[in-house]
Novice: 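Here it is: the structure, laid out below.
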Amino acid sequence: MRHSRRVALAALLGSALTLAIGTGAHAEDKKITLGFAQVGAESAWRTANTVSVKSAAADAGINLKFSDAQQKQENQIKAIRSYIAQKVDVIAFSPVVESGWEPVLIEAKNAKIPVILTDRNIDVKDKSLYVTMIGSDFLEEGRRAGKWLEERYKNEPGPINIAELQGTVGSAPANDRRAGLLEVIKNDPKFKVIASQSGDFTLAGGKQVMEAFVKTYGKKINVVYAHNDDMALGAIQAMEEAGWKPGKDVSVVSFDATKGGFQAMVAGKINVDVECSPLLGPQLMTAVKDIVAGKQLPKRIVTEETVFPMSVAAEVLPTRKY
Ligand code: GYE
């Protein structure tokens with residue numbers, strides 16, 4: 001009895017020792033844990049972005065904690081707080097709106113957890129609250145769309161009436177895609193934004209808002225300026241149900257340049273799609289590793305993008321990755 005107890009004890013000590021050595025060896029190449037607070041699943045863009053983040057984390061050997069805020073800031077704040085409590089190595093998030101982030105970011109700073117912004121920017125005075133911002137320049141995207149409109153209507157006297165389907169209220173892409181357009185058209189009084197409403201970046205939202213625009217403004221509308229492809233696709237449905245020919249009697253301008261957007265261009269229903277890439281995962285994981293390794297990062301990492309007019313859609317569609 002005694003003997004067997006001693007044997008059992010020795011075995012236990014032995015395995016405890018192995019465990020300790022094992023942990024020790026792991027300590028050096030300890031996996032980085034990244035807490036990522038996603039906006040939601042509102043669009044094809046977002047779905048592609050989530051896939052990109054998850055697969056890039058797996059490829060980089062990073063342990064990813066992922067949460068979906070269903071387009072609500074309060075949910076994102078909760079997720080960030082839980083990552084702080086879990087003492088993750090790095091927090092990254094795509095802020096649903098621009099304002100209101102100071103308190104939770106101060107908590108992260110006090111806990112010495114570096115924060116990366118990805119996709120959407122925030123409006124904070126103290127830029128030390130985040131390390132870097134990786135994503136597109138939405139203001140430039142809006143300007144690109146505006147320039148396309150100027151070129152398209154340069155030989156027409158106007159008025160050119162624009163109906164705007166805005167993204168999520170208070171979000172960086174909605175604010176900046178609008179501002180970029182207004183900046184370009186402000187010196188050309190023939191362009192008028194006659195209607196603006198949010199469709200929350202969703203197909204259903206875009207359809208609903210466009211149905212109301214069709215009723216209120218009818219054929220006065222010359223241009224539908226949709227802040228993303230999902231809303232453009234919803235608006236196209238609404239226009240077709242009203243017997244309109246989107247892409248022909250109304251110009252449709254959109255953003256993202258997803259496969260769905262391209263298919264609508266090939267069908268002649270979206271006239272121009274300003275690219276915005278959701279494939280930010282690999283860049284994000286590189287930044288995470290660099291931060292943990294103590295490297296200095298630029299404050300802003302801008303994604304490279306272009307503009308696709310309808311005329312190139314059929315040729316480019318097979319190469320689209322999202
Ligand atoms: O354009 C839209 C998505 O933040 C750039 O969010 C992103 C935007 C994108 O819902 O489709």
Novice: Hey, what do you get for OG1 (T303) to CD (E275), rounding to the nearest 0.5 Å?
Specialist: 9.5 Å
Novice: Are S52 and P282 packed together at the side-chain level, in the sense that at least one heavy-atom pair is separated by less than 4.5 angstrom?
Specialist: yes
Novice: Indicate if F213 and I162 have the same hydrophobic cluster label, given that clusters are the connected sets of ILVMFWY residues with side-chain heavy-atom separations under 4.5 angstrom.
Specialist: no
Novice: Would a distance-only check, ignoring hydrogens and angles, find a side-chain to backbone donor-acceptor pair under 3.5 Å from S198 to D200?
Specialist: yes
Novice: For the CD atom on E156, are there more than 12 heavy atoms of other groups (residues, nucleotides or ligands in this structure) within a distance under 6.0 Å?
Specialist: yes
Novice: Report, as yes or no, whether the 6.0 Å neighbourhood of atom NZ on K248 holds more than 12 heavy atoms from other residues, nucleotides or ligands.
Specialist: yes
Novice: E164 and salt bridge (charged side-chain N to carboxylate O under 4.0 Å, His left out): which single residue from R178, K192, R177 fits?
Specialist: R178
Novice: Taking the six-membered ring of Y130 as reference, does the NZ or CZ atom of K299 fall below 6.0 Å from its centre and within a 45° cone about the axis?
Specialist: yes
Novice: Verify whether the ring centers belonging to W101 and F93 lie closer than 6.0 Å.
Specialist: yes
Novice: If you count every heavy atom of other residues, nucleotides or ligands that lies below 6.0 Å from K112 atom NZ, does the total exceed 12?
Specialist: no
Novice: Answer yes when R144 and E141 have at least one side-chain N-carboxylate O distance shorter than 4.0 Å, and no when they do not.
Specialist: no
Novice: Considering only NZ, NE, NH1 and NH2 on the basic side and carboxylate oxygens on the acidic side, decide whether K31 and D89 come within less than 4.0 Å.
Specialist: no
Novice: Under a 4.5 Å cut-off applied to non-hydrogen side-chain atoms, are L279 and K321 in contact?
Specialist: yes
Novice: With side chain to side chain donor-acceptor pair (under 3.5 Å) as the rule and sequence neighbours excluded, what pairs involving residues 61-72 come up?
Specialist: T33-N63, K65-Q86, S67-Y83, Q71-T168
Novice: Kindly indicate whether the side chain of I160, heavy atoms from C-beta on, has any atom under 4.5 Å from the side chain of L149.
Specialist: no
Novice: Does any non-hydrogen side-chain atom of V115 lie less than 4.5 Å from one of I80?
Specialist: no
Novice: In chain order, what residues pass the side chain to side chain donor-acceptor pair (under 3.5 Å) check against D126, with sequence neighbours excluded?
Specialist: S128
Novice: Under 3.5 Å, is there a donor-acceptor pair linking the side chains of E305 and S277?
Specialist: no
Novice: Closer than 4.0 angstrom, basic N to acidic O: yes or no for K147 and E150?
Specialist: no
Novice: Between I301 and M133, is any pair of side-chain heavy atoms under 4.5 Å apart?
Specialist: no
Novice: Determine, using the 4.5 Å side-chain heavy-atom cutoff (strictly less than), whether V223 and V272 are members of one ILVMFWY cluster.
Specialist: yes
Novice: Please report the shortest heavy-atom distance between R120 and E42, naming the atom on each side.
Specialist: NH2-OE2, 3.7 Å
Novice: Between the side chains of N175 and E98, is a donor N or O closer than 3.5 angstrom to an acceptor N or O?
Specialist: yes
Novice: Do the side-chain N and O atoms of Q38 and N49 include a donor-acceptor pair separated by under 3.5 angstrom?
Specialist: yes
Novice: Taking the ring of F262 and the ring of Y322, is the distance between their centroids below 6.0 Å?
Specialist: no
Novice: If you measure from the Lys or Arg side-chain nitrogens to the Asp or Glu carboxylate oxygens, is any gap between E241 and K207 under 4.0 Å?
Specialist: yes
Novice: Quick check: are there more than 12 heavy atoms from other residues, nucleotides or ligands sitting under 6.0 Å from NZ of K87?
Specialist: no
Novice: Could you give the distance from CD1 (I113) to CG (L105), rounded to the nearest 0.5 Å?
Specialist: 11.5 Å
Novice: With side chains defined as the heavy atoms from C-beta onward, is the minimum distance between L117 and T132 less than 4.5 Å?
Specialist: no
Novice: Do D123 and V97 make a side-chain contact, defined as non-hydrogen atoms from C-beta onward lying under 4.5 Å apart?
Specialist: no
Novice: Is the shortest side-chain heavy-atom distance between V104 and Q76 below 4.5 Å?
Specialist: no
Novice: Can you list every side chain to side chain donor-acceptor pair (under 3.5 Å) pair that touches residues 257-267, not counting sequence neighbours?
Specialist: D229-T258
Novice: With hydrophobic residues grouped by side-chain heavy-atom distances under 4.5 Å, do L165 and M265 end up in a single group?
Specialist: yes
Novice: Could you check whether atom NZ of K295 has more than 12 heavy atoms from other residues, nucleotides or ligands sitting under 6.0 Å from it?
Specialist: no
Novice: Check the hydrophobic clustering (I, L, V, M, F, W, Y; side-chain heavy atoms under 4.5 Å; chains of links allowed) and say if W244 and I270 are grouped together.
Specialist: yes
